[in-house]
Amino acid sequence: GDGTKWPLGMFYISRHQWDAQPPPGGKFDPLSKHRVEGVIIHHSGVEDAPRGVHAVLAFERHHLSKGWDGIAYNWLVDETGTIFEGRGWDARGGATKNWNSKSISICYTGWGFKEPSPNVLESISTLLVEAESHFGKPLWVSTHRRKGRTDCPGDWLGNWVEGGMVPAKKPSDAGWVAIIQYFKDLRVQVEAKPIKRRARGLPVRLIQGRLNDLGFDAGVVDGIFGRRTAAAVRGFQESLGFLKTSGAVDGDTFGALFQL
């Protein structure tokens, strides 16, 4: 076929398929699986940049010219939503100073100051699901601008990521059924094990996004249940009057948040 497929269904163009150069030293530095905490989103930083595989090859040439081991990103998404393997899951990236050993970097090869196609947003979301599956744990998601002095990944893409990554495509009828079932299953899990301080991952992002939508300021939707999220949860609980004001999301709070 034209691409490689991961078990969860992510099609991508492998390093071999886009003709990547091997690292000058023979291999990339390994990424310690247990150290990975999150995913950081980047963009090209260039308006009207090369497109598709030409963009990926241009990044590689530029990064090699700086004396790096190769393309700095772990994964890339072009303007059509096609996913390209950069360094992959198991090699340490080189795109986010001070964070490369603790995160996976995903680069949108377009200009993040303009709204990308829905396919791009869907592919970025798919990569996050695959990342949590590969590393076997919940991960936070952030932007380069929150990890360093930069405007990367641009205002539009940055605001989308930090605002909760709202899907750009409307789900099909079957999709809605699956979404409703997911939330029902999640409520059962939360009843058994409430979500509280120091929790991470997609359920936390869903809770943060919902709190923000309802006017309770949970801050940036990053999937990290910190003090600000706990304060927003307490505010929501107090506003209803019949929930225990704990700052943790138990089954009753989750049901009230999502009207289940």
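Only heavy atoms go into these numbers, but all of them, side chains included; no hydrogens, no water, no symmetry mates. Along the sequence shown, the residues carry numbers beginning at 1.
Using a 4.5 Å cut-off on side-chain heavy atoms (C-beta onward), Trp75 and Arg87 make no contact. Phe258 has its side chain within reach of Ile207: a pair of non-hydrogen atoms, C-beta onward, lies under 4.5 Å apart. Residues Thr253 and Leu243 are in side-chain contact: their nearest non-hydrogen atoms beyond the backbone lie under 4.5 Å apart. Residues Phe84 and Val77 are not in side-chain contact: their nearest non-hydrogen atoms beyond the backbone lie 4.5 Å or more apart. At least one side-chain heavy atom of Pro116 sits less than 4.5 Å from a side-chain heavy atom of Trp156. The shortest distance between side-chain heavy atoms of Ile71 and Leu76 falls below 4.5 Å. Looking only at side-chain heavy atoms (C-beta outward), Leu128 and Met165 come within less than 4.5 Å of each other. In this structure, His134 and Leu127 have side chains that are not in contact, with every pair of non-hydrogen atoms separated by 4.5 Å or more.
Rounding to the nearest 0.5 Å places NZ of Lys244 at 7.5 Å from CG of Asp250. Rounding to the nearest 0.5 Å places OG of Ser101 at 7.5 Å from CG of Leu31. Here the CG-CG distance, from Asp222 to Leu139, works out to 12.0 Å after rounding to the nearest 0.5 Å. In this structure, OG on Ser65 lies 11.0 Å from CD on Glu60, to the nearest 0.5 angstrom. Rounding to the nearest 0.5 angstrom, the gap separating the OH atom in Tyr73 from the OG atom in Ser44 is 8.0 Å. The CG atom of Leu257 sits 8.5 Å away from atom CD of Gln237, with the distance rounded to the nearest 0.5 Å.
In this model, no donor atom of one side chain and acceptor atom of the other lie less than 3.5 Å apart for Gln208 and Asn212. There is a side-chain donor-acceptor pair under 3.5 Å between Gln17 and Ser14. For the residue pair Asp78/Thr109, the side-chain donor-acceptor check at 3.5 Å is not satisfied.
Relative to the six-membered ring of Trp140, Lys147 meets both conditions, a distance below 6.0 Å and an angle of at most 45° to the axis.
At a threshold of 4.5 Å between side-chain heavy atoms, the hydrophobic network of Ile, Leu, Val, Met, Phe, Trp and Tyr places Leu206 and Phe225 in one connected group. Residue Leu121 is grouped with residue Ile83 when hydrophobic side chains (ILVMFWY) are merged at heavy-atom distances under 4.5 angstrom, including chains of intermediate members. Hydrophobic clustering keeps Trp111 apart from Tyr108 (ILVMFWY residues linked when any side-chain heavy atoms are closer than 4.5 Å, directly or through intermediates). At a threshold of 4.5 Å between side-chain heavy atoms, the hydrophobic network of Ile, Leu, Val, Met, Phe, Trp and Tyr places Phe59 and Val46 in two separate groups. At a threshold of 4.5 Å between side-chain heavy atoms, the hydrophobic network of Ile, Leu, Val, Met, Phe, Trp and Tyr places Phe28 and Ile13 in two separate groups.
Without hydrogens or angle criteria, Lys137 side chain to His34 main chain gives a donor-acceptor distance under 3.5 Å. Side-chain atoms of Ser105 never come within 3.5 Å of backbone atoms of Ile40 as a donor-acceptor pair (strictly under, hydrogens ignored). A donor-acceptor pair under 3.5 Å is formed between the side chain of Arg15 and the backbone N or O of Gln21. Put simply, the side chain of His43 gets close to the backbone of Gly112: a donor and an acceptor are under 3.5 Å apart. Side chain of Asn100 to backbone of Ala95: a donor-acceptor contact under 3.5 angstrom is found.
By the 6.0 Å contact criterion, NZ on Lys114 is open, its count of non-hydrogen atoms from other residues, nucleotides or ligands being 12 or less. Annotation: Lys97, atom NZ; neighbour count of heavy atoms from other residues, nucleotides and ligands within 6.0 Å does not exceed 12. Atom CZ of Arg197 is surrounded by more than 12 heavy atoms from other residues, nucleotides or ligands within 6.0 Å. Residue Lys196 places its NZ atom among 12 or fewer non-hydrogen atoms of other residues, nucleotides or ligands, all under 6.0 Å distant.
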Chi angles and distances behind the side-chain contact (heavy atoms from CB on, under 4.5 Å) call for Glu85, His16: CA-CA 9 Å; Glu85 181 184 28; His16 173 73; over 6 Å; no
Worked verdict on Ile104 versus Phe135 for side-chain contact (heavy atoms from CB on, under 4.5 Å): CA-CA 10 Å; Ile104 288 290; Phe135 292 103; 3.6 Å; yes
Criterion side-chain hydrogen bond (donor to acceptor under 3.5 Å, both in side chains) on Gln189 and Asp185, from CA distance to verdict: CA-CA 6 Å; Gln189 293 173 33; Asp185 291 345; over 6 Å; no
Glu162/Thr143 under side-chain hydrogen bond (donor to acceptor under 3.5 Å, both in side chains): CA gap, chis, key distance, verdict: CA-CA 7 Å; Glu162 294 164 12; Thr143 54; 2.5 Å; yes
Candidate pair Arg149 and His144, rule side-chain contact (heavy atoms from CB on, under 4.5 Å), full reasoning: CA-CA 8 Å; Arg149 296 176 65 183; His144 190 194; over 6 Å; no
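Scored by the ring pair (Phe, Tyr, Trp, His ring centres under 6.0 Å) test, Phe216 finds Phe236 as partners (sequence neighbours excluded).
Between Arg51 and Glu79, at least one side-chain nitrogen of the basic residue sits less than 4.0 Å from a carboxylate oxygen of the acidic one, meeting the salt-bridge criterion. Using a 4.0 Å cut-off between charged nitrogen and carboxylate oxygen, Asp151 and Arg145 do not count as a salt-bridge pair. Using a 4.0 Å cut-off between charged nitrogen and carboxylate oxygen, Asp252 and Arg187 count as a salt-bridge pair.
For Asn74 against Ser103, the heavy-atom pair with the smallest separation is OD1-O, 4.2 Å. Closest approach of Ala256 to Leu240, counting heavy atoms only: CB-CD1, 3.8 Å. A pairwise comparison of heavy atoms in Trp160 and Ser125 identifies CH2-OG, 3.8 Å as the closest pair.
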